[in-house]
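A note on names: the letters A, B, ... follow the listed sequences, proteins ahead of strands, and every chain is numbered from 1.
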2 protein chains.
Amino acid sequence: MEENKHVTIYDIAERLNLATSTISRALKDHHTISDKTIKKVKKTAEEMGFVPNTLAAGLRGNKTRTIGVLIPTVTQPFLSSLISGIEITAQKSDYTVIIMQSHDSYEEEVNMAKSLYSNRVSGVICSLAMETRDTAHFHQFSNNNIPLVFVDRVPKEYNTFRVVIDNYTAGYKATKHLIEQGCIRIAHLTAGSELGNLYNERKRGYIEALKDHNIEVEEELIINLNSVTYEDGVKASNALFDLNPIPDGLFAPGDILAVSAVQTAKKRGIKVPEEFKVIGFNNDPISQIIDPNLSTITHPAEKMGKAAAEIIIKNLKSSKNDDAKEITFLNTEVLARESSQK
Amino acid sequence: MEENKHVTIYDIAERLNLATSTISRALKDHHTISDKTIKKVKKTAEEMGFVPNTLAAGLRGNKTRTIGVLIPTVTQPFLSSLISGIEITAQKSDYTVIIMQSHDSYEEEVNMAKSLYSNRVSGVICSLAMETRDTAHFHQFSNNNIPLVFVDRVPKEYNTFRVVIDNYTAGYKATKHLIEQGCIRIAHLTAGSELGNLYNERKRGYIEALKDHNIEVEEELIINLNSVTYEDGVKASNALFDLNPIPDGLFAPGDILAVSAVQTAKKRGIKVPEEFKVIGFNNDPISQIIDPNLSTITHPAEKMGKAAAEIIIKNLKSSKNDDAKEITFLNTEVLARESSQK
DNA sequence: TATTTTTACGCAACCGATTGCAATTGTTGT
DNA sequence: ACAACAATTGCAATCGGTTGCGTAAAAATA
């Protein structure tokens, strides 16, 4: 096995009897280098199998063309679509994406933020961990002029870019949809989270919609979950079905929860949507696979990823220190499918 | 907003009137540095908000403690679980993981391989893109002593580490299971792919199982797909159900395909499993959600990820140039659920 | 032909952490 | 008290591109 040492611009320079500066410039089509030389250099580089050392360039220039993505997990459909959007946009502008998972742990999030900073990423896109209650570990980015974009689960009080949906309105629309389908006792699942207060917002929308339609808000129909998992969803659903009479509708702020409710209902002989209508959230792939198909709220994951990446890249280009860190709101829509049909 | 410049070991050295070499050593508990100094340095580093510059260290030492992961996509459950396993193991040994998606495109795979090399990753874990027909773009790793592990979709002819399941045996087991459940006309979906020949292997297992049980292999029951997607699954299923008589069983080499078959069957009024038994592959989350629950073959994604990462890390530690690049086989099991019950 | 511009390239410092070797200070033995 | 040795710390080169500035050569202008 041939033990190729990495080929550097020094090797090219030596071969062509040129200075490394010339090589460096030639490789990026600098205007002060003649076309002849540029061609010669590029050809030789190709022949020698030269691959630039990103570390060296990053160290010198203090910019790495790398976007750090810090999210709870890659396994949730919403988040993997988010990544997809980020990557597509990043790639167009020749940025590399490095993904880290906090697994919804505050401690890991702190560590990985440090790691991203340590790797001198050019920008950061983050969706907060469930556990996270303070955001001091993001100051290192803000303080050093590294663009920071929060997505979906964002902190309330932090002057930086945010890409979100209007969870309040989405919750309102979902609930209103159920009401329009004839529901009068609509249950709701929610989860507590201080910082990324999206469940609270959805709940707020739910409550407002009920009030606007003169439906009493019943505390027993609102169940607070510890975690947004299938298992907890089943537990909560069973609790709802133990009521007498049972609710006639459910707004679940996540498709997994909605699916768990549908399946629990089926197991207990409760007909969906005839006796119990359900609407979920996110438009995950399962929502189209489960029977009956799940009505849901669209969550424009890929668009959000693209938007976030675009903000980073735009900010990096025009290195003007925009102090106006605007919030980008993307639209959501009600997808009325079988599980909520009148 | 305070414009903190990055804090370096020079800053610490200046503050403490020490040499940068001392700082560097103190921060990593080098034995030649006194405890007193170590404590002082660490305390000051903490106070000043020092975060080591990975680029500088990587450039100097030519090792980045980074594992590059090059896979088709993060959105497939199998692959996101794979990542999960890699990450867990990597984190334990303080390695960073950088993920890149080829989107099953050869061209992108080549580019990202170059990018990983350019970033001087310490090791690479890869599952090949569907399109990929040659592996020359991985020579840069092999030639430079960068451990390379292929996972799941691996090239046949490449002397490097591989972590796989025995797709032949898995296909055999799946088919045998259906036979044991009473099926005598078992259909199979497959997909062509030269390099990552896992579908071929599964098909081979299917055929052998039939032969071993004296069941004729009927070409019309084997459908070759262009892509392993829900849509193509539906098409293929419809083709199968257009036969007269229809097959009484299906071994689908992926749960998405199995799900599409189950749903297509339901739409056409064919009862699963009474008239048509199905077994999938992978044990994706949907397999437990669909009604009837899907029988499937387990695919130890997380374990494979862990194994791959361990191989990388172990190889990096004992930098001995093992020429024996062994293949690691992990076990699969038949998960008999509702969709294949007698 | 002399002089100014332009074109094309070289020199050398720089980014920040690491590390072999030299140098300094402190200890121990005789 | 002095050599011998151990314990600490400093010096300076190094990794590989990048870039401001200087300079030689070629082209344009006087």
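- Remark: the backbone N or O of B:Phe138 is not paired with any side-chain donor or acceptor of B:Thr135 at under 3.5 angstrom.
- Rounding to whole angstrom units, CG of residue A:Leu27 and C1' of C:dC9 are separated by 15 Å.
- Backbone-only engagement by B:Thr37 is indicated by non-hydrogen atom pairs under 4.0 Å involving sugar-phosphate atoms exclusively.
- Enclosure of atom CD in A:Glu46 is not indicated, since only 12 or fewer non-hydrogen atoms of other residues, nucleotides or ligands lie within 6.0 angstrom.
- Comparing A:Tyr10 and A:Thr32 along DNA chain C, the residue whose closest nucleotide (by nearest heavy atom) sits nearer the 5' end is A:Thr32.
- Residue-level contact check: B:Ser34 touches the backbone only, with heavy atoms under 4.0 Å from sugar-phosphate atoms and none from bases.
- We find that B:Lys306 and B:Glu302 are joined by a salt bridge, their nearest charged nitrogen and carboxylate oxygen being less than 4.0 Å apart.
- Listed nucleotides D:dT9, C:dC9, D:dG16 differ in distance to A:Arg60; the shortest reach to its side chain belongs to D:dG16.
- Counting any heavy atom pair closer than 4.0 Å across all strands shown, A:Asp35 reaches no nucleic acid atom.
- The nearest whole Å value for the distance from the NE2 atom in B:His31 to the P atom in D:dA7 is 9 Å.
- Using a 4.0 Å heavy-atom cutoff across all strands shown, B:Thr8 reaches sugar-phosphate atoms only and no base atom.
- Computed from coordinates, the B:Arg65 CZ to C:dA17 C1' distance equals 15 Å when rounded to whole Å.
- For B:Phe50, taking side-chain heavy atoms from C-beta onward, the closest of the listed nucleotides C:dA17, C:dT18, D:dG17 is C:dA17.
- Within the nucleic acid shown, B:Asp11 has no heavy atom closer than 4.0 Å to any nucleic acid atom.
- Rounded to whole Å, atom P of C:dG10 lies 10 Å from atom CG of A:Leu16.
- If you find the closest nucleotide of DNA chain C to A:Ile38 and to A:Thr20, the one lying nearer the 5' end belongs to A:Ile38.
- Rounded to whole Å, the distance from CD1 on A:Ile23 to P on D:dT18 is 12 Å.
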Given B:Leu148 and B:Ser142, is the side-chain contact (heavy atoms from CB on, under 4.5 Å) satisfied, shown in steps? CA-CA 7 Å; B:Leu148 169 64; B:Ser142 316; 4.1 Å; yes
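- You'll find that the side chain of B:Leu59 is closest to C:dG16, out of C:dG16, D:dG20, D:dG10.
- With rounding to whole Å, A:Met48 atom CE is found 13 Å from D:dG16 atom P.
- B:Leu18 comes within contact range of the sugar-phosphate backbone alone, with a heavy-atom separation under 4.0 Å but no base atom that close.
- The number of heavy-atom neighbours closer than 6.0 Å to CD of B:Glu47, taken from other residues, nucleotides and ligands shown, is above 12.
- The CD1 atom of A:Ile33 sits 12 Å away from the C1' atom of D:dT19 (whole-angstrom rounding).
- Residues A:Tyr117 and A:His139 keep their aromatic ring centres 6.0 Å or farther apart.
- Not a single donor-acceptor contact under 3.5 angstrom links the side-chain atoms of A:Arg120 to the base of C:dG16.
- For A:Ala57, the side-chain atoms get nearest to D:dT18 when compared with the rest of C:dG16, D:dG10, D:dT18.
- Between B:Lys28 and C:dA17 there is no side-chain N or O to OP1 or OP2 distance below 4.0 Å.
- Two residues, B:Ala56 and A:Lys63, neighbour DNA chain D, and the one matched to the more 5' nucleotide by heavy-atom proximity is B:Ala56.
- Distance from the side chain of B:Asn53 is smallest to C:dG16 among C:dG10, C:dG16, C:dC21.
- Regarding B:Leu55, its CG atom lies at a distance of 16 Å from the C1' atom of D:dT14, rounded to whole Å.
- Phosphate contact (OP1/OP2 of C:dT18, side-chain N/O of B:Ser24, threshold under 4.0 Å): present.
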